[in-house]
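The model shown is predicted, which means the values in this text are computed figures rather than measured ones.
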Amino acid sequence: MLTIHTDSGGRALAVRGAWIEAAGSLEELLAAHPGARVRRWPGVLTPGLVNPHGPELLQEAYHPDPREAGALGTRPLTGDALAALAMDEARWGASARRGVQRMLAHGTVAAAGELRPGAVRDAVRRSGLAVVGRIGTPGGTPDLDPCASGLPLTFAPPRERGSAARFAVFDVRDEAELAERGAGTCVATVVAGRLVYRGR
């Protein structure tokens with residue numbers, strides 16, 4: 001079934017399965033696909049964010065299970081706090097799954113940096129989150145919210161006909177407001193044509 005996703009400005013993407021069938025204004029896409037289901041989102045539709053710190057957040061940090069929040073808190077653990085944990089492949093895989101879900105909730109559709117073979121890379125591959133290359137180690141501070149990393153925001157390539165249905169919508173007026181308010185303003189993230197995060 002074809003679904004049209006549109007934002008407050010009338011920008012729209014027509015999605016069929018895992019691919020973009022068309023991009024344009026809502027008016028144009030409705031005229032071309034009158035029977036399509038329409039999802040209307042507040043804010044601005046973007047290609048989604050690239051988090052520059054993939055390995056740092058997924059292989060070098062532990063994302064506590066909500067059941068561990070009382071003892072470990074809710075923020076990713078690194079350094080001495082991470083060293084104090086008994087980590088094995090299963091625990092790393094579970095941590096990566098939670099980390100990916102938290103990235104998706106911030107409109108991240110790709111993480112930059114090579115992931116070593118093992119449970120973390122397997123968990124990321126199964127999630128649909130893209131992994132893209134990078135040169136060297138970026139500066140800034142690794143954060144689930146790319147807006148808080150101290151680096152300029154990086155977006156995935158623009159979505160167009162034939163490209164992967166991977167994008168995010170933020171409840172802001174424009175990219176400047178997104179950078180100011182942060183990626184916690186995400187209201188929807190789509191990966192491989194599936195709505196993988198929907199804000200409350």
Side-chain angles (χ1 to χ4, degrees), residues 1-26 28-30 32-33 35-55 57-59 93 96-115 117 120-135 138 144-147 149 151-172 174-175 178 183 185-199:
M1 179 179 184
L2 189 126
T3 300
I4 296 174
H5 294 262
T6 185
D7 66 11
S8 298
R11 292 170 289 269
L13 295 172
V15 176
R16 189 184 301 277
W19 304 98
I20 302 293
E21 184 152 315
S25 71
L26 176 60
E28 292 168 340
L29 298 192
L30 282 176
H33 308 282
R37 177 175 62 172
V38 178
R39 286 188 180 271
R40 300 175 189 271
W41 303 105
V44 59
L45 192 156
T46 75
L49 296 172
V50 177
N51 193 305
H53 296 106
L57 287 168
L58 297 173
Q59 287 188 322
R97 286 190 293 275
R98 291 188 293 271
V100 166
Q101 287 303 312
R102 292 163 187 170
M103 285 182 164
L104 295 171
H106 287 88
T108 293
V109 298
E114 185 176 355
L115 299 174
V120 170
R121 191 165 75 177
D122 291 345
V124 172
R125 187 186 69 248
R126 286 192 295 268
S127 76
L129 183 76
V131 176
V132 298
R134 71 182 191 192
I135 298 174
L144 292 167
D145 181 350
C147 300
S149 70
L151 299 175
L153 283 181
T154 301
F155 288 90
R159 302 293 87 188
E160 55 190 21
R161 179 178 172 83
S163 62
R166 182 181 287 124
F167 53 90
V169 187
F170 299 89
D171 190 7
V172 295
D174 51 32
E175 292 180 14
L178 171 59
T185 55
C186 180
V187 294
T189 305
V190 172
V191 170
R194 296 179 293 113
L195 183 62
V196 294
Y197 172 76
R198 181 173 186 166

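- Minimum heavy-atom separation, A23 to L13: CB-CD2, 3.6 Å.
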**OP:** Take V124 and L115 through the test side-chain contact (heavy atoms from CB on, under 4.5 Å) and record every step on the way to the result.
**Re:** CA-CA 9 Å; V124 172; L115 299 174; 3.8 Å; yes

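- Annotation: the span from L49 atom CG to F170 atom CZ amounts to 4.0 Å, rounded to 0.5 Å.
- A distance-only check finds no donor-acceptor pair linking the side chain of R39 to the backbone of T3 [under 3.5 Å].
- T108 places no side-chain N or O within donor-acceptor distance of the main-chain N or O of A110, the cut-off being under 3.5 Å.
- A distance of 9.0 Å separates NE2 in H106 from OG1 in T185, rounded to the nearest 0.5 Å.
- Taken to the nearest 0.5 Å, the CZ atom of R11 stands 8.5 Å off from the OG1 atom of T6.
- At least one side-chain heavy atom of R198 sits under 4.5 Å from a side-chain heavy atom of W41.
- Inter-residue side-chain proximity for H53 and L151 is flagged as met; some heavy-atom pair is nearer than 4.5 Å.
- Annotation: the span from R102 atom CZ to N51 atom CG amounts to 14.0 Å, rounded to 0.5 Å.
- For H33 against A22, the heavy-atom pair with the smallest separation is NE2-CB, 4.4 Å.
- Between V44 and D174, every side-chain heavy-atom pair lies at or beyond the 4.5 Å cut-off.
- No option in T46, D171, L45, V187 other than L45 meets the side-chain contact (heavy atoms from CB on, under 4.5 Å) test with D7.
- Shortest non-hydrogen contact noted between A165 and I20 is CA-CD1, 3.8 Å.
- Between P146 and V50 the shortest side-chain heavy-atom distance does not fall below 4.5 Å.
- The closest side-chain heavy-atom distance from M103 to L129 is below 4.5 Å.
- Put simply, the side chain of L2 reaches to within 4.5 Å of the side chain of E21, judged on heavy atoms.
- Taken from CZ in R194 to OG1 in T189, the straight-line distance is 12.0 Å, to the nearest 0.5 Å.
- Contact record, V191 with G128: CG1-O, 3.2 Å, taken as the closest heavy-atom pair.
- No side-chain heavy atom of V109 sits under 4.5 Å from any side-chain heavy atom of P47.
- The two atoms that bring L178 and A183 nearest to each other are CD1-CA, 4.0 Å, heavy atoms only.
- When side chains are defined from C-beta on, P55 does not count as touching E114, because their heavy atoms never get closer than 4.5 Å.
- Listed here is the closest heavy atom pair of S163 and R159: OG-CA, 3.6 Å.
- In this structure, the separation between CZ on R40 and CG on L26 is 5.5 Å, given to the nearest 0.5 Å.
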